[in-house]
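What follows is a single structure, written as structure tokens, with notes after it.
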Amino acid sequence: MKNNLLKKIFTNLDAIITASTLTACVILVNINVIMRYVAKTPIQWCEEIVTSLFVWTVFIGSAYAYRKHAHLGVDIVVNRLHGKTKTVVEWTVSILELAILIMLTIISAQYVYHLLYVRGHFKPTLTDLLRIPKAYTGIAVPIGFGLSTIYSIYFFLTDRLHLIKKKTVDENEHQVEGGNF
């Protein structure tokens, strides 16, 4: 039972992080609005924390949406194609998608590196008010793109190369929302 719960938590960690950071953003912003208008003293550090949490929400949430196939797409042209042409276009899109995700993961990791190191020396860039390393916020970007890259590789191996079989769900078995991954 405990292993099953841990497996569900680990499997849905991106959704848990996204929900937690978004919830914290909403709570902090509402508290700050109340403090600003009722107590006439806004919380000075609130904007910095909410911005950081929102970056985590966006990039980890984007990976979660990618895993659940929830990103919007314009596939009207692909749907009108048939046979080998459709297959070629789908393969091309999958390969380009994977290449772009790999590139974005690498570029964003370099960005975080430069937030931590200046000319090869460890000197983290700090936030203005709280003086915490900006890398705590920035690391969400390569994590989000990295997760999307992993999901893209998984989908490529299952949908295009058919090297991984999709898990079939028994009607009596409970399935986690949104899919097999």
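When reading the values below, keep in mind they use all heavy atoms of this one structure, side chains included, and skip hydrogens, waters and symmetry mates.
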Would you find more than 12 non-hydrogen atoms of other residues, nucleotides or ligands less than 6.0 Å from Ile76 atom CD1? no
With side chain to side chain contact (heavy atoms under 4.5 Å, CB included) as the test, would you mind laying out the steps for Val78 and Glu90 before giving the verdict? CA-CA 8 Å; Val78 177; Glu90 288 174 341; 4.1 Å; yes
Between Cys46 and Leu28 the two heavy atoms that sit nearest each other are SG-O, 3.4 Å
Do the non-hydrogen side-chain atoms of Ser20 and Ile16 ever get within less than 4.5 Å of each other? yes
Strictly by salt bridge (charged side-chain N to carboxylate O under 4.0 Å, His left out), give each pair with a member in residues 13-27 just once, sequence neighbours left out. Asp14-Arg67
Same apolar cluster: Ile153 and Ile95, side chain cutoff 4.5 Å: yes
Just by modelled atom types, is the His162 backbone N or O under 3.5 Å from a matching donor or acceptor in the Thr158 side chain? no
Do Ser152 and Tyr66 pass the side chain to side chain contact (heavy atoms under 4.5 Å, CB included) test, and can you show the C-alpha distance, the side-chain angles, and the key distance before you say yes or no? CA-CA 8 Å; Ser152 180; Tyr66 187 87; 3.3 Å; yes
Leu22 reachable from Trp56 in the ILVMFWY side-chain graph, under 4.5 Å edges: no
Is it true that a side-chain atom of Thr125 and a backbone atom of Lys134 form a donor plus acceptor pair closer than 3.5 Å? no
Parallel, tilted or perpendicular: which describes the rings of Phe155 and His69, with under 30° parallel and over 60° perpendicular? tilted
What heavy-atom pair brings Pro133 and Pro124 nearest, and what distance separates the two atoms? CB-CB, 4.2 Å
To check you understand the geometry: which heavy-atom pair defines the closest contact between Thr137 and Ser52, and what is its length? OG1-OG, 2.6 Å
Thr149: which residues meet the side chain to side chain donor-acceptor pair (under 3.5 Å) condition with it, sequence neighbours left out? Thr105
For a 4.5 angstrom cut-off between non-hydrogen side-chain atoms, does Arg36 reach Val33? yes
To the nearest 0.5 Å, how far apart are CD1 in Ile139 and OH in Tyr113? 13.5 Å
To the closest 0.5 Å, what do you measure between OG1 (Thr41) and CD (Gln44)? 8.5 Å
Could you tell me the separation between the OG1 atom of Thr87 and the CZ atom of Arg160, rounded to the nearest 0.5 Å? 8.0 Å
Got Ser62 and His71 here, is their nearest side-chain heavy-atom distance under 4.5 Å? yes
Could you give the distance from OG1 (Thr18) to CG (Leu53), rounded to the nearest 0.5 Å? 11.5 Å
Rounded to the nearest 0.5 angstrom, the CG-OH distance for Leu104 and Tyr111 is 14.5 Å
For side chain to side chain contact (heavy atoms under 4.5 Å, CB included), just list the numbers for Ile60 and Ile143, CA-CA rounded to whole Å, side-chain angles, deciding distance to a tenth of an Å, and then say yes or no. CA-CA 7 Å; Ile60 305 303; Ile143 290 173; 3.4 Å; yes
Under 4.5 Å between side-chain heavy atoms, hopping through other hydrophobics if needed: is there a path connecting Val77 to Val93? no
Hydrophobic clusters here meaning ILVMFWY residues chained together by side-chain heavy-atom distances under 4.5 Å, can you tell me if Leu126 and Ile49 are in one? no
Thr21 meets the side chain to side chain donor-acceptor pair (under 3.5 Å) criterion, sequence neighbours left out, with Thr57
Counting only heavy atoms not in Phe122 (residues, nucleotides, ligands), do more than 12 fall under 6.0 Å from its CZ? yes
Does atom NE2 of His121 have more than 12 heavy-atom neighbours from other groups under 6.0 Å away? no
Straight-line distance of Ile43 CD1 to Asn32 CG, nearest 0.5 Å: 5.0 Å
Is there a path of hydrophobic side-chain contacts, each under 4.5 Å between heavy atoms of I, L, V, M, F, W or Y residues, that connects Leu96 with Met103? no
Would a line drawn from the ring center of Trp91 to the ring center of Phe156 be shorter than 6.0 Å? yes
Which pair of non-hydrogen atoms, one from Tyr64 and one from Ala15, has the smallest distance, and what is that distance? CE1-CB, 3.3 Å
Considering all heavy atoms, the nearest Ala135-Leu116 contact: CB-CD2, 3.5 Å
For Glu48 and Leu129 the tightest heavy-atom approach is OE2-N, 2.8 Å
